[in-house]
A.B. asks: 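Here it is, the structure in full.
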Number of protein chains: 2
Amino acid sequence: MDRPLPTLSDVAQRAGVSYATADRVVNARGGVAEKSASRVRAAIEELGYVRNLAAANLSQQRHYRFVAVLPGGDNAFFKRMRALLEEASDRLRTDRVTLTIDTVEAFDAPALCARLQALGTEGVDGLALVGSDDARVLSAIADLRARGIPVLALVSDVPGADRNGYVGIDNSVAGRTAGRLVVLAHGGRAGRVLPVVGALSARDHADRLAGFGAVVRPQLDLAPVIEGRDRKGRVAKRVAAALQADPGITAIYSAGAGNAGLIKVLESLPRDRPRPIVVLHELVPHSRRALERGLIDIVIDQRPEDAVARVVEGLRLLADKRELARTDPILPTIYLADNLPASDTSQKGETSP
Amino acid sequence: MDRPLPTLSDVAQRAGVSYATADRVVNARGGVAEKSASRVRAAIEELGYVRNLAAANLSQQRHYRFVAVLPGGDNAFFKRMRALLEEASDRLRTDRVTLTIDTVEAFDAPALCARLQALGTEGVDGLALVGSDDARVLSAIADLRARGIPVLALVSDVPGADRNGYVGIDNSVAGRTAGRLVVLAHGGRAGRVLPVVGALSARDHADRLAGFGAVVRPQLDLAPVIEGRDRKGRVAKRVAAALQADPGITAIYSAGAGNAGLIKVLESLPRDRPRPIVVLHELVPHSRRALERGLIDIVIDQRPEDAVARVVEGLRLLADKRELARTDPILPTIYLADNLPASDTSQKGETSP
DNA sequence: GCAATTTTGATAGACGTCAATCAAAATAAT
DNA sequence: ATTATTTTGATTGACGTCTATCAAAATTGC
């Protein structure tokens, strides 16, 4: 039951050829008669041989170099993402894997391209990047792939690019989810929803809003969309104005960032009448607090922890020329005041020695 | 930048001792003067040495044998879990990891203990088990741990046991989540909720119901709890009777299994008046269909995919005597009709060669 | 049948670690 | 000072794979 797994020598013996020939077959070195090759393949099949990746990598002193390229700035979500990647990076050292976290100014496509180009020549074994919808980025990715470097799109997909996979949520589904929850919270009654986004030109925001609208429109009204540019000051001003102008608003859906501004407005609302239902995205310190204080109802989170775990898993698999294990989009989590995770951000393991 | 990582020989050289001495230090073989030992430790620090796990495992022909012990029966959830574990098992072969899936009759503590005892002597490198709240199981786990075998509790925790970790959701939080959603769906109006469980003596069901009640009670009434024994026939009969007897029921929360029976009742409800809000657990074929057909509103899922990923990751880390990367409970996913995952159960990778 | 070519076999060194052995050196005990 | 003990060094083989080399054998062409 605990017998050792077959080695390539076992395969060679079984096939009645030398180790050298078996090696020529499995490593496609050529110069092997078809007759011998097929016997080797048969032996592999019969013995259930799988090559020992550890030994293979050892013999080649293979050590993986991965890079994650994230947008810079003080965005709370990416701050968290960066912290999670750094944690993962520490753990990976034992496995001869270096994960470097690289920062490029947000929305700066030329800078991103330059970075990608540089990485392409630096002997990187795989990279994950937060894409943007730009033709130059697209071709930079194509270049990397052409060099045989695996690329994963992270958080925001790059439409049309032949990346090896996308690690992130389906924003349209996330929007529909938000919509369904808002409808549910109306319990069949009429209402009018105020949608807030960063910019309608941002792909993820637009996708969310489209999904949201598709579910909500049959049941509820939609007020004109507010574009807050992800800046809390602007969001606060516009939302306050909209609520003032339209007392019939029963719900707010914020698909973008800058929610600190929205929360500020909610804080200042009169307490004697029911406040609107509020749904927004990303669990970050201020949205968490708002949930705990009952200022908002629902936070839809992209689960950066999951994303990081999948990026690491995916890059390793791809570097070994294996298949990705999971390619389905990450499902966003719906946070209510009652299912918030423990608040300590850096949880230690509870292993015993 | 791409220089090779330091080896133990480098460490020895730096410390001014022989390889043998450095080896004695890192492998705690003893017989090393404190003076030398500390110089070796300093060198390790300075060079940032991390031992090459691949080489280490290779030299010892280490190959991991893991076992997952699941309850038998035709439970849809565990069927799915088993399928997912088998998928993972296939992928793991390349890494010299064998994951065996073992089945023990549900709720049969003596049988489970016997199985665990047997595994303890078979040279297993780690196991995951669906625990039950039983003193005998508890001591069987203690035995395994005493032999140095890592144990993960899966799906259902074993209270008081010194397992290395728990992989599953927090059922109390899941119940509270369900409660909040039901409250939300009432939009401030009054209502009465019908709770359904398998048995109040089942720990997970009880936990869920307790969490649910804590959130719901301040706002809504609770009808008497139905114990359906997780059998669809019994569930159907009792729920139908309860709805008949009490027309004021505005919501149903099912914390256990046997939901096919509940769904059957919902199907037969008159279409002309609003049906109750329905929240239940586990996304399985019949609950999925009910969601798609609008017969129920919300499914709270334990994310068996996540659980499997974490079990595999965790057992490997533990077998290498490393720390668990993630010890926080899995967050259940809230499924609505609008965020159901793609229905093909066995998604293939989309890697290119 | 002989030369040219293709296919095979045998073997060796490297990767970094573990595990072991044996002799040499340093230190401690008496 | 002599013995006993502890501590070190040097070395070797194994793990399974990759890469390489060189000679031997089989096959092909003419």
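The structure presented is a predicted model; accordingly, all values stated were derived computationally and were not measured.
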A.B. asks: Figure out the CG/C1' separation between B:D10 and C:dT17, and round it to whole Å.
C.D. replies: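 Rounding to the nearest Å, CG of B:D10 and C1' of C:dT17 are 13 Å apart.
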A.B. asks: For B:R91, give me all partners under side-chain contact (heavy atoms from CB on, under 4.5 Å), at least two apart in sequence or on another chain.
C.D. replies: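 Only A:A325, B:E87, B:A88 meet the side-chain contact (heavy atoms from CB on, under 4.5 Å) criterion with B:R91.
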A.B. asks: What is the distance, to the nearest angstrom, from the CZ atom on A:R62 to the C1' atom on C:dA14?
C.D. replies: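 So the CZ-C1' distance, A:R62 to C:dA14, works out to 17 Å.
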A.B. asks: Does B:D143 have any salt bridge (Lys or Arg N to Asp or Glu O under 4.0 Å) partners at least two apart in sequence or in another chain, and if so, which?
C.D. replies: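 Salt bridge (Lys or Arg N to Asp or Glu O under 4.0 Å) list for B:D143, sorted by chain: empty.
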A.B. asks: Round to a whole Å and report the spacing from OH of B:Y64 to P of D:dC15.
C.D. replies: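 Rounded to the whole Å, the gap is 18 Å.
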A.B. asks: Counting only side-chain nitrogens and oxygens, does A:T21 get under 4.0 Å of the OP1 or OP2 atom of C:dG9?
C.D. replies: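 So the side chain of A:T21 is within the cut-off, an N or O lying under 4.0 Å from OP1 or OP2 of C:dG9.
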A.B. asks: Once ring pair (Phe, Tyr, Trp, His ring centres under 6.0 Å) is applied, do any residues pair with A:F77, and if so which ones, sequence neighbours excluded?
C.D. replies: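 So A:F77 forms no ring pair (Phe, Tyr, Trp, His ring centres under 6.0 Å) with any residue.
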A.B. asks: For A:R39, give me all partners under side-chain hydrogen bond (donor to acceptor under 3.5 Å, both in side chains), at least two apart in sequence or on another chain.
C.D. replies: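 Per chain and number, A:R39 pairs via side-chain hydrogen bond (donor to acceptor under 3.5 Å, both in side chains) with no residue.
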A.B. asks: If only side-chain N and O atoms of B:S18 are considered, is one of them under 4.0 Å from the OP1 or OP2 phosphate oxygen of D:dG9?
C.D. replies: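 Affirmative; the distance criterion is met.
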A.B. asks: Could you tell me the separation between the CD atom of B:Q13 and the P atom of D:dG9, rounded to a whole number of Å?
C.D. replies: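 Spelled out: CD on B:Q13 to P on D:dG9 is 13 Å.
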A.B. asks: Would you find a donor on one side and an acceptor on the other, under 3.5 Å apart, between the side chain of B:D125 and the backbone of B:R65?
C.D. replies: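 Present.
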A.B. asks: Considering residues at least two apart in sequence or located in another chain, which fulfil the side-chain contact (heavy atoms from CB on, under 4.5 Å) criterion with B:L8?
C.D. replies: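 Counting only residues at least two positions away or on another chain, B:L8 forms a side-chain contact (heavy atoms from CB on, under 4.5 Å) with B:V11, B:Y19, B:A22, B:D23, B:V26, B:Y49.
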A.B. asks: Measure the shortest side-chain to side-chain distance between A:T103 and A:R82 over non-hydrogen atoms and say whether it is less than 4.5 angstrom.
C.D. replies: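 Yes - at least one pair of side-chain heavy atoms lies under 4.5 Å apart.
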A.B. asks: Starting from C1' on C:dA14, measure out to CG on A:L58 and report it in whole angstrom.
C.D. replies: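 Whole-Å distance recorded here is 9 Å.
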A.B. asks: Tell me every residue that passes salt bridge (Lys or Arg N to Asp or Glu O under 4.0 Å) with A:R316, counting only those two or more places apart in sequence or in another chain.
C.D. replies: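 Partners of A:R316 under the salt bridge (Lys or Arg N to Asp or Glu O under 4.0 Å) test: A:D95.
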A.B. asks: Please identify each residue that fulfils side-chain hydrogen bond (donor to acceptor under 3.5 Å, both in side chains) with B:R147, with sequence neighbours left out.
C.D. replies: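 Counting only residues at least two positions away or on another chain, B:R147 forms no side-chain hydrogen bond (donor to acceptor under 3.5 Å, both in side chains).
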A.B. asks: Quick one, give me the B/S/- string for nucleotides 19-27 of chain C, reading 5' to 3', where B means a protein heavy atom under 4.0 Å from the base and S means that only happens at the primed atoms, P, OP1 or OP2.
C.D. replies: B-B------
A.B. asks: Contacts to DNA chain D from residues 36-56 of chain B, heavy-atom cutoff under 4.0 Å, which residues?
C.D. replies: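 Of all residues in residues 36-56 of chain B, the ones placing a heavy atom under 4.0 Å from DNA chain D are B:S36.
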A.B. asks: Categorize A:L8 for me: base, sugar-phosphate, or nothing, with a 4.0 angstrom heavy-atom threshold over every strand shown.
C.D. replies: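 Answer is sugar-phosphate: A:L8 comes under 4.0 Å of backbone atoms only.
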A.B. asks: Report yes if at least one side-chain N or O of A:S59 is closer than 4.0 Å to OP1 or OP2 of D:dG16; otherwise report no.
C.D. replies: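 For A:S59, the contact criterion (side-chain N or O under 4.0 Å from OP1 or OP2 of D:dG16) is not met.
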A.B. asks: Taking Watson-Crick (N1-N3 plus N6-O4 or O6-N4) and G-U wobble (N1-O2, O6-N3), each under 3.5 Å, can you produce the dot-bracket string of DNA chain C? Use [ ] for crossing pairs and | for inter-strand ones.
C.D. replies: ||||||||||||||||||||||||||||||
A.B. asks: Who are the salt bridge (Lys or Arg N to Asp or Glu O under 4.0 Å) partners of A:E34, not counting sequence neighbours?
C.D. replies: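 A:E34: salt bridge (Lys or Arg N to Asp or Glu O under 4.0 Å) contacts with A:R41.
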A.B. asks: Looking at residues at least two apart in the chain, or sitting in another chain, which of them share a salt bridge (Lys or Arg N to Asp or Glu O under 4.0 Å) with A:E46?
C.D. replies: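 Once residues adjacent in sequence are excluded, the partners of A:E46 under the salt bridge (Lys or Arg N to Asp or Glu O under 4.0 Å) criterion are A:R14.
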